Peer 1: 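One structure is given below, represented as structure tokens, and several questions about it will come after.
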Amino acid sequence: MNRQPIVPISVSDYRALAQTRLPRQLFDYLDGGSYQELTLAANSAAFDAVKLRQRVLRDVGAVDTGREVLGQRWTMPMALAPVGYAGMLARRGEVQAALAAEAFGVPFTLSTVALCSIEEVRAAVKAPFWFQLYVYRDRGFARALLERAHAAGCPVLVYTVDLAVLGARYREQRYGMGASLSLAQRARVAADFAWRWRWLYDVAWRGRPFAFGNLAGAVRHARGMSDFRKWIAANLDPSVTWRDLEWLRANWKGKIVVKGLLDPEDARTAMSAIAPEGIIVSNHGGRQLDSTPATLHALPAIREAVGGRTTVLIDGGIRSGLHVFKALASGADACLIGRAWAYALAARGRAGVSAVLATMKRDLEVAMALTGCVSVGEINGDVLV
Ligand code: FNR
């Protein structure tokens with residue numbers, strides 16, 4: 001039986017299409033988590049388990065999903081999270097996703113490890129986008145990245161703190177990602193790539209995704225992606241501490257959002273270190289430490305720890321507008337999606353991302369209407385059973 005949807009609607013439909021389109025290695029990179037993938041599964045399951053309190057006859061003729069977050073008006077409280085290698089999923093993928101986010105009216109976050117550089121995305125869009133920073137050993141290089149992001153007008157820097165070391169992602173390694181392969185293994189990986197002729201023509205041939213745009217200056221004489229990967233592995237800095245946040249504050253003129261907090265004590269420390277304008281409750285989409293709690297379960301204690309002193313965002317497992325609604329009802333000001341937009345990008349490029357964003361907004365509108373909320377500000381714990 002052909003299980004591909006004729007008309008893709010939900011995120012899982014786009015996931016199914018992405019699976020047929022991408023080489024196995026790339027699909028598993030996108031879809032997989034770390035180790036047993038317990039946290040990956042827990043993230044969405046936590047959202048699914050929440051029950052909503054349906055209310056009726058409350059005049060919900062004019063539901064407004066808009067919200068102001070970090071000084072920008074968003075069409076709905078949901079931004080695009082940084083997803084590295086997105087330019088491997090679709091031709092110049094980061095540009096396509098940024099264009100979809102711009103047209104829809106929510107921020108796009110460009111990863112440090114994007115294929116498209118800050119300048120390439122800047123030239124393609126008019127709306128300001130966010131930049132996500134990994135701090136590498138070479139702080140001079142980090143400073144140069146900050147200057148480039150500032151010159152591109154990025155209003156928000158997302159500083160990811162949960163990647164001091166890399167969680168092992170067995171699923172992607174099984175298909176050769178980042179592994180050193182024998183000749184026979186390489187031939188098997190190549191055979192799988194060869195079979196994905198659409199990807200080969202559209203993404204590899206026309207898109208030329210053979211360098212990380214933001215790292216090109218640092219990784220001199222790179223002969224291919226494996227040289228970049230080696231550089232990244234050698235330059236991750238596990239010695240980073242809270243003091244580096246102060247360094248960041250001194251070197252970045254815009255707003256700072258700290259991404260990757262799961263513990264209320266860490267959230268409190270972040271507040272006393274630099275009082276970031278925002279924090280993201282995140283476990284990196286279940287790609288780092290396995291067996292950490294689902295982000296939805298970590299959210300209430302963190303919200304309590306920081307109160308209203310900073311903007312609290314959440315990501316991990318959000319696959320529908322109902323999940324967005326549940327995140328807000330559980331105390332988040334807004335949320336981010338990672339795989340949801342990346343599946344859609346891999347399946348249908350910019351049009352796919354636009355379609356998924358529109359579907360999620362419609363789902364949020366319906367959830368708001370049937371719980372009796374006409375504005376996002378009215379969504380709180382009262383809408384939960
Ligand atoms: C990520 N994530 C991520 N985070 C980050 O700060 N910088 C990055 O470059 C990446 N790269 C990346 C690649 C892929 C393929 C995935 C799936 C995720 C984490 C991402 O920003 C976000 O935290 C999670 O994706 C949220 O979980 P969901 O929405 O994917 O379930």
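Ligands are counted one by one from 1 in listed order, and the atoms in each one are counted from 1 as well. Since this is a predicted model, take the numbers as computed values, not measurements.
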Peer 1: Centre of Y29's six-membered ring, under 6.0 Å away, within 45 degrees of the axis: is that where NZ or CZ of R287 sits?
Peer 2: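 Positive - R287 is close enough to the ring of Y29 and near enough to its axis.
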Peer 1: Run through Q25, R188, R24 and flag the one making a side chain to side chain donor-acceptor pair (under 3.5 Å) with Y175.
Peer 2: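 For Y175, the side chain to side chain donor-acceptor pair (under 3.5 Å) check succeeds only for R24.
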Peer 1: May I ask you to say whether R53 pairs ionically with D382, meaning some side-chain N is under 4.0 Å from a carboxylate O?
Peer 2: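 Here R53 does not pair with D382 in a salt bridge, since their nearest N and O are not under 4.0 Å apart.
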Peer 1: Short N/O distance, under 3.5 Å, between G84 and ligand 1?
Peer 2: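 Yes, since at least one N or O of G84 sits under 3.5 Å from an N or O of ligand 1.
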Peer 1: Should the ring pair F129 and F108 be called parallel, tilted or perpendicular, given that the plane angle runs from 0 to 90° and is split at 30 and 60?
Peer 2: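 Taking F108 first and then F129, their aromatic rings sit tilted (interplane angle of 30° to 60°).
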Peer 1: Find out whether D31 and Q19 are in side-chain contact, i.e. whether some heavy atom of one side chain is under 4.5 Å from a heavy atom of the other.
Peer 2: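 In short, these two side chains do not touch, never coming nearer than 4.5 Å.
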Peer 1: Among all protein heavy atoms, pick the one closest to atom 25 (O) of ligand 1 and tell me residue, atom and distance.
Peer 2: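 Answer for atom 25 (O) of ligand 1: G338 CA, 3.6 Å.
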Peer 1: May I ask you to decide if the ring planes of Y85 and F212 are parallel, tilted or perpendicular, using 30° and 60° as cut-offs?
Peer 2: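 Correct class here is perpendicular.
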Peer 1: Go through Y159 and W252 one step at a time and tell me if the ring-ring contact (aromatic ring centres under 6.0 Å, His included) criterion holds.
Peer 2: CA-CA 11 Å; Y159 179 52; W252 175 253; over 10 Å; no
Peer 1: Could an N or O of ligand 1 be found under 3.5 Å from any N or O of Y29, whether backbone or side chain?
Peer 2: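 The answer is no, given that Y29 and ligand 1 share no N or O pair closer than 3.5 Å.
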Peer 1: Atom 6 (O) of ligand 1: which protein heavy atom is closest, and how many Å away?
Peer 2: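 Scanning the protein heavy atoms, the shortest distance from atom 6 (O) of ligand 1 goes to T160 OG1, 2.7 Å.
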Peer 1: Counting heavy atoms only, which of R339, Q288, Q132 comes nearest to atom 28 (P) of ligand 1?
Peer 2: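 Comparing heavy atoms across R339, Q288, Q132, the nearest one to atom 28 (P) of ligand 1 lies in R339.
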Peer 1: Among G316, C335, A86, whose heavy atom sits nearest atom 26 (C) of ligand 1?
Peer 2: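 Residue with the shortest heavy-atom distance to the ligand atom: G316.
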Peer 1: Give a yes/no verdict on whether any heavy atom in G317 is under 4.0 Å from an atom of ligand 1.
Peer 2: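 Within the 4.0 Å threshold, so yes.
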Peer 1: I need the atoms of ligand 1 closer than 4.0 Å to a non-hydrogen atom of R319, numbered in the order shown.
Peer 2: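 Close to R319: 28 (P), 29 (O), 31 (O).
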Peer 1: Identify the closest protein heavy atom to atom 9 (O) of ligand 1: which residue and atom is it, and at what distance?
Peer 2: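 Going by distance alone, atom 9 (O) of ligand 1 is nearest to S111 OG, 2.7 Å.
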Peer 1: Salt bridge or not between D202 and R198? Use side-chain N to carboxylate O under 4.0 Å.
Peer 2: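 Result for this pair is no, no salt bridge flagged.
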Peer 1: Using only atom types and a distance under 3.5 Å, with no angle test, would you say the side chain of R206 pairs donor to acceptor with the backbone of Y201?
Peer 2: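 Side chain of R206 to backbone of Y201: no pair is present.
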Peer 1: Check this for me - ligand 1, P82, N or O atoms closer than 3.5 angstrom, yes or no?
Peer 2: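 There is such a contact, yes.
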Peer 1: Which atoms of ligand 1 sit under 4.0 Å from any heavy atom of V83?
Peer 2: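 Atoms satisfying the 4.0 Å criterion: 11 (N), 12 (C), 13 (C), 14 (C), 15 (C).
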Peer 1: Specify side chain, backbone, both or neither for V113, according to which of its non-hydrogen atoms lie closer than 4.0 Å to ligand 1.
Peer 2: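 V113 to ligand 1: side-chain contact only, backbone stays beyond 4.0 Å.
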Peer 1: Where does Y134 meet ligand 1, judged by heavy-atom distances below 4.0 Å: at the side chain, the backbone, both, or neither?
Peer 2: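 Within the 4.0 Å criterion, Y134 contacts ligand 1 through side-chain atoms alone.
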Peer 1: If the threshold is 4.0 Å, N to carboxylate O, is there a salt bridge linking R122 and E102?
Peer 2: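 A salt bridge is absent here (no side-chain N lies under 4.0 Å from a carboxylate O).
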Peer 1: Give a yes/no verdict on whether any heavy atom in S282 is under 4.0 Å from an atom of ligand 1.
Peer 2: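 Yes, S282 has heavy atoms under 4.0 Å from ligand 1.
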Peer 1: Would you indicate which of R169, E172, R287, H284 comes nearest to atom 17 (C) of ligand 1 when only heavy atoms are counted?
Peer 2: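 Closest candidate by heavy-atom distance is R287.
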Peer 1: Drop me the distance from T292's OG1 to L38's CG, to the nearest 0.5 angstrom.
Peer 2: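 The distance works out to 9.5 Å.
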Peer 1: Name the closest protein heavy atom to atom 23 (O) of ligand 1, giving the residue it belongs to and the distance to 0.1 Å.
Peer 2: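 The closest heavy atom on the protein side is D315 OD2, 2.7 Å.
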Peer 1: Using non-hydrogen atoms of the residue, decide whether L30 is closer than 4.0 angstrom to ligand 1.
Peer 2: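 Yes, L30 has heavy atoms under 4.0 Å from ligand 1.
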Peer 1: Could you check atom 4 (N) of ligand 1 against the protein and tell me its nearest heavy-atom contact, residue, atom and distance included?
Peer 2: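 Its nearest protein heavy-atom neighbour is K259 NZ, 3.0 Å.
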